[in-house]
Amino acid sequence: RMHQDREEAMLKSSREREAERKKEEQGVLNQIAAIERAAAAAMVATPNISGSGKSPSAAAVAAHSAAAAQERATQCHLIEATVEAAKRRRLEQGPGGVEETRSHTQEQRSSTSPTEGLGAWSAHKDSNSGQSF
């Protein structure tokens, strides 16, 4: 009887390991597919500078890379400026300023119409909270 129990346990464990291996293999395949989709999207997003099917010249690739780097630098600068402004406001308000800011923001939201400043896609209103989404 002991031999049968061990054999059943071994078979059960083997089936579980096989199922786990297949699940991991499928996960890897999904990740590879996602990487390939992202690469294809990046290739589509990169303009083909030369009008023919030839690959773009090094100068065209460098120009595109420089423009992309400039755009990233501008975005980083804007983010840093926003963070610095938020830090400055927090320091100016003092310790109780966060709660006051939250209540002031809620007052501003409630005083404006629900769809003001929102696109047509966000004209829906939550029945429980009354917030637009």
Side-chain angles (χ1 to χ4, degrees):
R1 179 74 186 140
M2 181 75 101
H3 177 69
Q4 289 175 339
D5 291 342
R6 286 185 181 172
E7 188 174 4
E8 288 174 6
M10 181 200 59
L11 290 173
K12 181 180 178 185
S13 174
S14 176
R15 285 190 297 268
E16 290 174 353
R17 284 193 313 268
E18 180 68 17
E20 183 66 28
R21 185 186 65 77
K22 287 188 182 221
K23 185 191 288 185
E24 287 178 355
E25 187 175 60
Q26 185 61 38
V28 168
L29 291 175
N30 288 342
Q31 287 179 348
I32 290 172
I35 291 169
E36 289 175 347
R37 283 192 303 272
M43 284 189 276
V44 169
T46 303
N48 188 0
I49 306 301
S50 62
S52 65
K54 300 176 185 175
S55 58
S57 67
V61 170
H64 178 68
S65 296
Q70 178 64 32
E71 183 178 341
R72 281 192 303 274
T74 302
Q75 289 175 352
C76 286
H77 178 69
L78 291 173
I79 291 170
E80 290 170 355
T82 303
V83 169
E84 289 300 320
K87 286 180 182 178
R88 227 180 357 265
R89 281 193 306 270
R90 182 176 287 163
L91 288 175
E92 290 171 358
Q93 290 174 351
V98 174
E99 294 300 322
E100 294 170 10
T101 302
R102 286 185 187 152
S103 64
H104 182 66
T105 304
Q106 288 295 333
E107 290 171 7
Q108 285 179 339
R109 286 182 186 161
S110 63
S111 67
T112 61
S113 67
T115 58
E116 183 179 315
L118 301 175
W121 63 271
S122 60
H124 304 290
K125 189 172 186 179
D126 183 26
S127 60
N128 292 328
S129 68
Q131 293 294 320
S132 297
F133 63 95

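For clarity, every value in this text was computed on a predicted model and none was experimentally measured.
- Atom CD in Glu84 sits 7.0 Å away from atom CZ in Arg88 (nearest 0.5 Å).
- Formation of a donor-acceptor pair under 3.5 Å by the Thr82 side chain with backbone atoms of Leu78 is found in this model.
- Distance alone, capped at 3.5 Å, is enough to place a donor-acceptor pair between the Thr74 side chain and the Gln70 backbone.
- For the atom pair CD (Gln75) and CZ (Arg72), the distance works out to 9.0 Å, reported to the nearest 0.5 Å.
- Two residues are said to be in side-chain contact when any heavy atoms from C-beta on lie closer than 4.5 Å; Lys12 and Glu16 meet this criterion.
- In this structure, the side chains of Gln26 and Asn30 come closer than 4.5 Å at one or more pairs of heavy atoms.
- At a threshold of 4.5 Å between non-hydrogen side-chain atoms, the residues Arg17 and Glu20 do not count as touching.
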Met10 vs Arg6, side-chain contact (heavy atoms from CB on, under 4.5 Å): CA-CA, chis, key distance, verdict: CA-CA 6 Å; Met10 181 200 59; Arg6 286 185 181 172; over 6 Å; no

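- Taking CZ from Arg89 and CG from Leu91, the interatomic distance works out to 11.5 Å, rounded to the nearest 0.5 Å.
- Looking at Glu18 and Arg21, a side-chain N of the basic residue comes within less than 4.0 Å of a carboxylate O on the acidic one, giving a salt bridge.
- From Glu71, atom CD reaches atom SG of Cys76 across 11.0 Å, with rounding to the nearest 0.5 Å.
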